[in-house]
Enquirer: 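Structure provided below as structure tokens; questions to follow.
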Number of protein chains: 2
Amino acid sequence: MTDPTATKSAETLTIREMCDSFDVTPRTLRFYEAKELLFPIREGTKRLFTRKDRARLTLILRGKRFGFTLEDIRQLLGMYDPTGSNADQLDKTCAIARERLALMEGQRAELDIAITDLKAQLAEGERLLAARRRQAAE
Amino acid sequence: MTDPTATKSAETLTIREMCDSFDVTPRTLRFYEAKELLFPIREGTKRLFTRKDRARLTLILRGKRFGFTLEDIRQLLGMYDPTGSNADQLDKTCAIARERLALMEGQRAELDIAITDLKAQLAEGERLLAARRRQAAE
DNA sequence: CGTTACATTTACGTTAACGTCAAGCACTCT
DNA sequence: AGAGTGCTTGACGTTAACGTAAATGTAACG
């Protein structure tokens, strides 16, 4: 037992299980693999997604929601996974991370502005609506 | 003076002035006009951008930074500009705005998570780097 | 052993948001 | 009048991030 060749089941997910739990299509997962964002185990011809793949996918999907490109995300993922981290590779990755961080904090500030703006406009819009309803009720 | 046919200058900007002050290309402005996001005055063959256009462009560019599509943004702009706002049009626009608002607040929450995550990873990365430098100095 | 049910690869299609010519007006300067 | 500069309208090209279809494989079920 715990046969090293028996990589299947329990800890790993099939492509379908993966799709269901993350709400993505198989095409997307294969695409991410082609772009070297995920590295599922190949059991014969099929793919088996590990815990690491799941963690990475979580980060990928999160990154996407902020307009980062997959290439941006691929570089950032180096940060979360220390494979092939020689000295100046890690250094570069840190530099990238600092840039992104600054970018994200700027984005947060802008988002706050946008939220405040939109709230104000919404209030105004609803004020107008209320006024019209009063008008219509006369 | 204040000739109503003389729509040019002072209050309005040419396409180039517009491009320079917003850091976009002419192509972009024409594209936005084609998509009905901007409505510059046509002085003969040329475009003249009004104060309203500038306000709209500010909002467009802001919206873009959060991954909203131009179509999303076009709908939101109805909110900020009450032209053609009959009763249930305004109502719909408010509904859209509320959705977006919820979306943006969710996005802000996630952004906070992502920032915290990235900060932690960055700290870890730099800790590793420091350790290696001590190693290399021995 | 046939077929049903997914998985896989290959490859072309699609959408958004512009970029990049090409060719022609419109002004202005000389 | 000629030259230059900038603006205009097509119209085709491009990139990212997948969608979708076709052909093949394969694992399990009855």
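Note on naming: letters A, B, ... go to the chains in the order of the sequence lines (proteins, then strands), and numbering restarts at 1 for each one.
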Enquirer: Hey, could you give me each pair passing salt bridge (Lys or Arg N to Asp or Glu O under 4.0 Å) that has a residue in residues 18-28 of chain B? Not counting sequence neighbours.
Expert: B:Arg16-B:Asp20
Enquirer: With sequence neighbours left out, write down each residue that passes side-chain contact (heavy atoms from CB on, under 4.5 Å) with B:Arg74, or none if nothing qualifies.
Expert: B:Glu36, B:Leu37, B:Glu71
Enquirer: Tell me which residues in residues 14-22 of chain B put a heavy atom below 4.0 Å from DNA chain C, sorted by number, or none.
Expert: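 Output list: empty, so none.
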Enquirer: So, using side-chain contact (heavy atoms from CB on, under 4.5 Å) as the criterion, who are the partners of A:Ile115 when residues are at least two apart?
Expert: A:Leu111, A:Lys119, B:Leu101, B:Met104, B:Glu105, B:Arg108
Enquirer: Can you list everything that forms a salt bridge (charged side-chain N to carboxylate O under 4.0 Å, His left out) with A:Arg133? Sequence neighbours excluded, please.
Expert: none
Enquirer: List the residues meeting side-chain contact (heavy atoms from CB on, under 4.5 Å) with A:Arg98, not counting sequence neighbours, and say none if there are none.
Expert: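 Partners of A:Arg98 by the side-chain contact (heavy atoms from CB on, under 4.5 Å) criterion, ordered by chain and then number, come out as A:Cys94, A:Ala95, B:Leu122, B:Glu126.
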Enquirer: With a 3.5 Å distance limit and no angle check, can you tell me whether A:Asp117 reaches the backbone of A:Ala114 through a side-chain donor-acceptor pair?
Expert: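 Not a single qualifying donor-acceptor pair exists.
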Enquirer: Using whole Å, report how far CD1 of B:Ile41 lies from C1' of D:dC7.
Expert: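 These atoms are roughly 17 Å apart.
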Enquirer: Can you name the side chain to side chain donor-acceptor pair (under 3.5 Å) partners of B:Glu33, sequence neighbours left out?
Expert: B:Arg42, B:Arg47
Enquirer: Does the protein touch nucleotides 9-20 of chain C at the base, only the backbone, or not at all? Give it as B, S and - per nucleotide, heavy atoms under 4.0 Å.
Expert: B-B-----BBBB
Enquirer: Quick one: list whatever passes side-chain contact (heavy atoms from CB on, under 4.5 Å) with A:Glu99, sequence neighbours left out.
Expert: none
